[in-house]
Structures are given as C-alpha cells and as structure tokens.
2 protein chains.
Amino acid sequence: MSTFVKRLGGIVTNCYLGIDAGGTSTRAALVLPDGTCLGTGRAGSGNPISAGPELAAQNVLTASQAALANAGAEPSLLADGIAAMAGSRVAREADWLNDPLHAAGLPISLTLEPDLLAAFLSATPQPDGYAVVAGTGAVAVRVRNFELERVTDGLGWLLGDAGSGFWVGHQVVRHGLAALDGRADPTALTDALLTALDLDPDAPAEVEGRPGAIQHAVDLLYTWRPVELAQLAPIAFEAAREGDATARAIVHEAALALRAALAAMLAPDISGPVVFGGSVLTQQPTVAEIVGAQLPEQEPILTTDGLVGAANLALRRGGITVTEAVFDRLTETIAARR
Amino acid sequence: MSTFVKRLGGIVTNCYLGIDAGGTSTRAALVLPDGTCLGTGRAGSGNPISAGPELAAQNVLTASQAALANAGAEPSLLADGIAAMAGSRVAREADWLNDPLHAAGLPISLTLEPDLLAAFLSATPQPDGYAVVAGTGAVAVRVRNFELERVTDGLGWLLGDAGSGFWVGHQVVRHGLAALDGRADPTALTDALLTALDLDPDAPAEVEGRPGAIQHAVDLLYTWRPVELAQLAPIAFEAAREGDATARAIVHEAALALRAALAAMLAPDISGPVVFGGSVLTQQPTVAEIVGAQLPEQEPILTTDGLVGAANLALRRGGITVTEAVFDRLTETIAARR
C-alpha cells in the first residue's frame, strides 16, 4: 500500500491538479475535494508565449509529476485539472499542452484558465467580485460566476499599465533626470536614482553641454529593456514615505490610475469582494488605501499566491463545491508546503 | 573660363562648405563670404550612428560633390567647411569623415559641429541666445559666442523628450485607449486614433473581456518602433483645436514641458534671441505661444532649414564675419535653391 493511500486511511479518492503557469516559474498543487493539498511541484516558465509551447508544456508536465511525487500519489488518481496562465483564452486549443501530458501517462486533460481569474480565486471562494493586480504591469477585472466578465488595462508598458511598477519606475527616471537637467524642481529621486544606478552625481560635464551624470544615466538606461525600469519603483515609494513632494505626486497618481481601473470594473449587482494582488498593492499600504476607497464598504483581500486560486479553480471545474472551509484548508495546506 | 568664374566676374574667391548631416538626408551648401549660395547638393543619411561611419562619410562626400557640381566650381576653390550633426562633440575625431573626402580630392577638412548650434544659427547671425527644437524629440539649448554652452533634455523617447511629437503621440494612444477601456472620460482622441489606425471601433469583444478594438490596437501598436508613435501627435493638435478637453490638456502639458526646458537654459546676461524649430513649435501656434511667454520681450524666430545654420557656421569658423546682410543673403540664396 502506497504512502499516499495510507495517508488517506486506505480510501481511494480523486485528486485535482491546479497549475499556476507563470512567465518565470510554474507551480502545481495536487489537492483533495476537501481542500487538503497533498503535494506541490515546481518547474520553469509555463507560458507558451514567453517560453514557446514545447518548453512550456514540458515545464507544466515536470511540475505536475513533481507534485504527484511529492504526494506519493499515482497518476491514475487524477480526476481533473486546470492550468492558469496569461492570455489563456486566446490559446483555448490546448493540444500543445495536453498531448505531452498524455504521452507521459497523465490521464487528464488540463483546461486553460485566465491567470487573472486564478488571482481573484486565490483570495476568496466567492463566485463574483473584483481584482486589481499591480506588479510590473497593472490590470483590473470583474469576475461573475467564476468567469472573467470584464478586464481593463493590462495593455503593457508602452500603451497602458497605468499605476504599475513599470509606470512608477518610469516616472522615477523621468522626474529624477528632469530635475538634474534643470527642468523640474529638485527632488530626492535624483540622488536615489543615481545611487541605485551606481553613478557619480558630480561627474564632470562632458558631452554637449550636459551634466555628466545625465549622459551616463542615459547611456546606461537605454541598454535596459524598458520593462526593467519597474525595478526602480521602490525609489518612489521610499522617497514618498520620507516626504518628497515629487515622489508623493507620482505615488498618488499611480494610485488614482489603479482606482480608475477598479472603478471601470464596477457593476451595480456585484458589491465585492475586492482582491488586491501584485507588489504595488500588497506592499504599499498608501496605494492600497486610495484604491480601496473606491469600494469603502469592502475590506480588500490581499493575495500573493496564485496557486491557491489555480487549485480552487481545479476543484470548481471538477464539479466540487469549494466552501469557506474547503477554501481555508486549500490556503493553509498550500502555504504549509511553500 | 568656367561658368563659376564667369559668374563671379572673373575674380577667384574662396568658397565655404556647410553640411547639414541628418539621420534621413545630408544637404550641402557652397557659399561665398558675402553669403551668396553658389550651389547645393543632397545625399542620404550623414549620421555616423544611424548610417554607420562609412556610409555617412560617403553621403557627405556625395552631397559636397553635388554642391560643387551644382555651382560649376572646382574643389580647389574650397577654403573651409563644417558638418553639423547630432552627437558631434562625442565624435570629435573626424578622420572617418575627412579621410574619404581627401581621397576624393577635396582639399579641406570638415570640422564637426552640433546640429543644435546650426539650428540656432539658421535663424540668426547673433552670437548668443536660445533654441528650443521639438520635432520627434525635444531639446533646448543656450548658445554663447557661437558655441553650445548648455543643453537640456533631448534624452530620447523613454527618458525625456518632454513635450515632443513622440510625447504627444504617446499620450494620444494612452488616453485614447484608456477612455475606450473605461478608465478615463470619453475623448475625441479615441475615434480619431482608431480611424488613424484603420480599426473598427465596434469590433466585437473577443479576448479576455476586452473590447475588440483595444486588443486590435494593442496588437498593432506593439509592432511599431516606439518613436513611431510621434506620427499620431497631429491627432491631439487637431482635437485640441476642436475643443476636446483631454487633447487640450495634453497639448498644454507638452507646451509647459517645452517652456520648462527653455526656462532651464536662461542666463541673466543673455536676453535672446529665441529660436524655435521642429514641427511642434513651428506648426502649432498654441504651443509656440505658451513657450514664448517664458521670454515675453523676445519674438521667437521660427526656423525650418538647418542648412542655413551650417553655412553660417562654415563662414564663422572660416573667420568670416557674418553680418545681418550676409546672413540675409545666406537665407535668401539657400531658400532659392530648395
């Protein structure tokens, strides 16, 4: 008798597989209908756009097999599963994902689900509500009956992502350099930016009548991919806490943009809950407070683990009712295996 | 006796070569010390960064030879010359440019000069003053004694160019899409943008809860190079003229950014003149008026032809005093050959 069946007291039970397939890593959770997580697994990028479909499918398979191994469970116990990923509706045809799984002996076909739906369902067992996620990018969604009904923003660094980490980091650079360039009021962002970039603020003027530090910053920053400016966002949050007026204005504008995204999602017949995800909302209480004021009767629920939502969705799609108790068990038992 | 010497009444005179070496085209003017333009020539990009030094040097040579041929003049008449180009101080070593010229029998060595200095000197014979140039990019300079003393902005689309054509076009896209996305007040920019992009505003919602037109715009615009958004700037100027509040705010903010750049350049001992260049300042009177208000006693001089400044600088660097009369003759005789 396997470890797994022993742990279940000898009762053979169907298991469900929730996959959180991100651009950086893929995580899998094997869960029981009562919400107990039996095992988790991890692999590299499971996003077919960033990693290519072959590698993404391989990583989903690797994470799934690792979760089964971690649980000491046989593949034959698998009843159903879902994989949450960005852009998953576009890629509704999932043969690229399921053919390699079947070839490896997994007896289920994963359904693709939007990662934004999993983000919402990682914080609540409710069928309806809202989520605002602001990390490198920024997006807001309305969920109705366990489906994404409406999405706003998430248009990427050039065209949208208003209030995101990229947006804030971009403003840090533009305002910090404008002040050094004499075009804006002095701000603490300038020195903090040059420090972060390891540049000498007093570098002699060298090139075409410009302060040397500006030319050095420009030479450096154009070697970055634009989205990498997101890593400079913490400079604004820290300077804002210390009272810098320019930084405060940037953070305030970011919060208003995220609040406008949430406002755009509101439907009169859905009062909440409201889920906040991403570092800008989960780690910056000033921002969260302004965005949360859009729905003053709701206390926003912060979420950091999309895997809970993927497991929640795997049970839902498998026909299991996820009660508050089941949801709480999912949250606790997945957290215990991080 | 050659056509050229006949035209000069038989008196052999030194000629000066002014080159405006841009990223798209290179123009050359052969001028006399009295400001008379004897001939002009044209070739492709003369910028060593965008075209590579070999091709850039070849284009400068081609344009120079075309100007000599246009004038019916022998290379031996050349006394001196300059080539105005972006980033020219960085590339002070100009062997890459002059070696091919010498090999082709031109008996002069071109001095590199900043294109921004030529922009200023294309509008005035004065030694001191200011220039603000806002086309795709945006930059302001202070000129003292025929040298660039200080430059602000011109930091490119990602880090600066505040108030430029790119900046305005970028705002058109962001605000136009935000309104369509429900995150901002309706604006005429949305329909004008979709029309410019040849997209159907009523495309059915297709992808992940987003209006179809947004997804189509995103799919299209990320195939562009970011700077190409500059071509959408006219949408804002037209909508602003027709009273759209969002467009007016964008145009106003652009003008204030350009005004701040000019303000950053002011020195107490230089009152003017102020030269405006680039389509945003030369074709948008609303913007020019706001920027010009920074120096209310000066009537800004609009300039569109950097070749006049290159010729002006060629005479200056050759030791010729460019009086108002000489400058006016440069302007008239170069314009006559456009």
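Labels below follow one simple rule: chain letters A, B, ... track the order of the sequence lines, proteins then strands, and each chain is numbered from 1. These numbers come from a predicted model, not from an experiment.
When A/A260, A/G160, A/G182 are compared by the number of non-hydrogen pairs under 4.5 Å with chain B, A/G160 comes out ahead. With respect to chain A, the highest number of heavy-atom pairs below 4.5 Å among B/A264, B/G176, B/A257, B/A184 belongs to B/A264.
Inter-residue side-chain proximity for A/R150 and B/D181 is flagged as met; some heavy-atom pair is nearer than 4.5 Å. When side chains are defined from C-beta on, A/H170 counts as touching B/L158, because their heavy atoms get closer than 4.5 Å. Residues B/R183 and A/L155 form a side-chain contact, since some pair of their non-hydrogen atoms from C-beta on lies under 4.5 Å apart.
Between B/L159 and A/A217, the shortest heavy-atom distance links the atoms CD1-O, 4.5 Å. When all heavy atoms are compared, the tightest approach of B/R174 to A/W167 is NH2-CD1, 3.6 Å. The two residues A/W157 and B/Y222 come nearest to each other via the heavy atoms N-OH, 3.3 Å.
Residue contact with chain A, scored on non-hydrogen atoms closer than 4.5 Å, involves the backbone and the side chain of B/A162 alike. Neither the backbone nor the side chain of B/L262 comes within less than 4.5 Å of any heavy atom of chain A. Looking at B/A261, the atoms closer than 4.5 Å to chain A (heavy atoms on both sides) sit in the backbone and in the side chain alike.
Within a 6.0 Å sphere centred on CG of A/D185, other residues, nucleotides and ligands contribute 12 heavy atoms or fewer. Within 6.0 Å of atom CD in B/E253, 12 or fewer heavy atoms from other residues, nucleotides or ligands are found, so the atom counts as exposed in its surroundings. Other residues, nucleotides and ligands contribute more than 12 heavy atoms inside 6.0 Å of the CG atom of B/N145.
Once rounded to the nearest 0.5 Å, the distance linking CZ of B/R210 with CG of A/D153 reads 7.5 Å.
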